[in-house]
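What you see is a predicted model; the values in this text were computed from it and never measured.
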Amino acid sequence: MNFLCSLAIAFSMYSAVPMPQFQWDQKNYENSFAFFPLVGAGLSGILFLMYRGLVLLGISTLANSLILTAVIVIYTGGFHIDGYMDTMDALCSHRDRDEKIRIMKDSHIGAFGVIELLVLALFMTAGIFEAQCIGCFTSVLYGFVVSRTLSGIAVCTFKRRDNNTSLIHFETKGSRQFTLTMMFIYLFAVIALSFLNRNSSVIPAILVCVAWLFISKLIYEKQFGGISGDTSGHFLCICEALFIWAVVLFFILRSRL
């Protein structure tokens, strides 16, 4: 029951999927983040079914790509996009650290956030479109699990900005250790599954995302003094875009060699 409760809490917090309502226990709440990648697995499953259905209906690849990008936003309820926009607003302001943190906490959306969201949406749609055209769309679906797995590793190991961050409820040592262990299990499972299905572009795409993990650590600590809920959303959105394009580019390079 504890497993199911934590799983339901994870889907309630990080997706728009309806979940049964019950009294949240603190331990279940803390352990819920360990099941964050399963939310990504659910998204991958929905995208695959949508993709197959749209292809059977004869929908054009462009329209298909736009719909699938919209499904990503609908499924997550825009939860991670909010953090992405807040972080981009702060980074693009080129102010000092305190002012950037103030901008990030501001509930109003700035022009930079809107502009950068448009850029992200274009990159995501273009990547999904290209993946369908060259026949590697199924490889792209691993990215929604990988991004959440790496995000979980960051939450457990990276320096946090302060005690006011929304990540504070994962503070207990036991929940961090459990979450970190689960994240590595997910990562190994993705690698094993990609080998089993002969999705050879997945491994280099994971390496690209791991590189982004360490780069983002340097950026967040320098610009904000550590990670927060907003920077976690920022990391995840960019990680997914990088994964998609890494799969596409490595698939193209492999086919030409």
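Grouping the Ile, Leu, Val, Met, Phe, Trp and Tyr side chains by contacts below 4.5 angstrom, directly or via other members, places Phe48 apart from Ile134. Using a 4.5 Å cut-off between side-chain heavy atoms of Ile, Leu, Val, Met, Phe, Trp and Tyr, with links allowed through other members, Phe214 and Leu242 fall into the same hydrophobic cluster. Note on Leu56: it does not cluster hydrophobically with Val71, by side-chain heavy-atom contacts below 4.5 Å among ILVMFWY residues. A chain of hydrophobic side-chain contacts below 4.5 Å, direct or via other Ile, Leu, Val, Met, Phe, Trp or Tyr residues, connects Val140 to Met124. Under a hydrophobic clustering in which Ile, Leu, Val, Met, Phe, Trp and Tyr are joined whenever their side-chain heavy atoms come within less than 4.5 Å, directly or via other members, Met50 and Leu57 fall into the same cluster.
Separating the CG atom in Asp89 from the CD atom in Glu116 is a distance of 9.0 Å, to the nearest 0.5 Å. Atoms CG and CG, from Leu68 and Leu43 in turn, are 10.0 Å apart once rounded to the nearest 0.5 Å. Put simply, NZ on Lys100 and NZ on Lys105 are 15.5 Å apart, with the number rounded to the nearest 0.5 Å. Atoms SG and CD1, on Cys136 and Ile252 in that order, are 7.5 Å from each other to the nearest 0.5 Å. In this structure, CD1 in Ile244 is found 11.5 Å from OG in Ser139, a value given to the nearest 0.5 Å. Between the CD atom of Gln223 and the OG1 atom of Thr231 there is a distance of 12.0 Å, given to the nearest 0.5 Å.
A 6.0 Å sphere centred on CZ of Phe123 holds no more than 12 heavy atoms belonging to other residues, nucleotides or ligands. Heavy atoms of other residues, nucleotides or ligands lying less than 6.0 angstrom from CZ of Arg254 number more than 12.
In this structure, the side chains of Ile101 and Arg161 come closer than 4.5 Å at one or more pairs of heavy atoms. Within the 4.5 Å cutoff, the side chain of Trp212 has heavy atoms near those of the Ile219 side chain. Side-chain contact check for Pro37 versus Met183: some heavy-atom pair is nearer than 4.5 Å. At least one side-chain heavy atom of Ile72 sits less than 4.5 Å from a side-chain heavy atom of Phe144. Considering only heavy atoms from C-beta on, Met88 stays 4.5 Å or farther from Met85 through its side chain. You'll find the side chain of Phe112 stays beyond 4.5 Å of the side chain of Leu91, heavy atoms only. Taking 4.5 Å as the limit, some side-chain heavy atom of Val208 sits within range of a side-chain heavy atom of Phe250. Taking 4.5 Å as the limit, every side-chain heavy atom of Tyr75 sits out of range of all side-chain heavy atoms of Leu47.
Checking each of Val190, Leu150, Thr149 against Ile206 for a side-chain contact (heavy atoms from CB on, under 4.5 Å) leaves exactly one that passes, namely Val190.
Between the side chains of Thr76 and Ser15, not a single donor N or O lies within less than 3.5 Å of an accepting N or O. Using modelled atom types and a 3.5 Å distance limit, the side chains of Gln132 and Ser65 yield a donor-acceptor pair. Judged by distance alone, the side chains of Tyr142 and Asn199 do bring a donor and an acceptor atom under 3.5 Å apart.
Listed here is the closest heavy atom pair of Phe235 and Leu213: CE1-CA, 3.6 Å. Residues Val39 and Ala10 approach most closely at CG2-O, 3.8 Å, considering heavy atoms. Between Val145 and Ser44 the shortest heavy-atom distance is CG2-OG, 4.4 Å. Across every non-hydrogen atom of Ile227 and Tyr220, the tightest pair is CG2-CD1, 3.9 Å. Closest non-hydrogen pair, Val146 versus Phe243, comes out as CG2-CE1, 4.0 Å. Pairing each heavy atom of Gly152 with each of Phe33, the nearest pair is CA-CE2, 3.4 Å.
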(message) Applying side-chain contact (heavy atoms from CB on, under 4.5 Å) to Leu38 and Tyr186, what does each step give before you reach the verdict?
(response) CA-CA 9 Å; Leu38 294 183; Tyr186 291 127; 3.6 Å; yes
(message) Assess the residue pair Tyr14 and Phe79 against the criterion (ring pair (Phe, Tyr, Trp, His ring centres under 6.0 Å)); give the C-alpha distance rounded to whole Å, side-chain angles, the decisive distance to 0.1 Å, and a yes or no.
(response) CA-CA 7 Å; Tyr14 304 114; Phe79 183 82; 5.5 Å; yes
(request) Take Arg148 and Glu240 through the test side-chain contact (heavy atoms from CB on, under 4.5 Å) and record every step on the way to the result. (result) CA-CA 9 Å; Arg148 286 160 177 78; Glu240 289 176 349; 2.7 Å; yes
(message) Please determine whether side-chain contact (heavy atoms from CB on, under 4.5 Å) holds for the pair Tyr84 and Ile238, giving the CA-CA distance in whole Å, both sets of side-chain angles, and the decisive distance to 0.1 Å.
(response) CA-CA 8 Å; Tyr84 171 82; Ile238 293 180; 3.9 Å; yes
(request) Please report the C-alpha distance between Leu66 and Phe129 in whole Å, then the side-chain angles of each, then the deciding distance to 0.1 Å, and finally whether the side-chain contact (heavy atoms from CB on, under 4.5 Å) criterion is met. (result) CA-CA 8 Å; Leu66 290 168; Phe129 177 87; over 6 Å; no
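Classification of Arg160 and Glu221 as a salt-bridged pair fails, no side-chain N sitting under 4.0 Å from a carboxylate O.
In terms of modelled atom types and a separation under 3.5 Å, the side chain of Arg97 and the main chain of Lys222 share a donor-acceptor contact.
Annotation: Phe36 is in aromatic contact with His80 [ring centroid separation under 6.0 Å].
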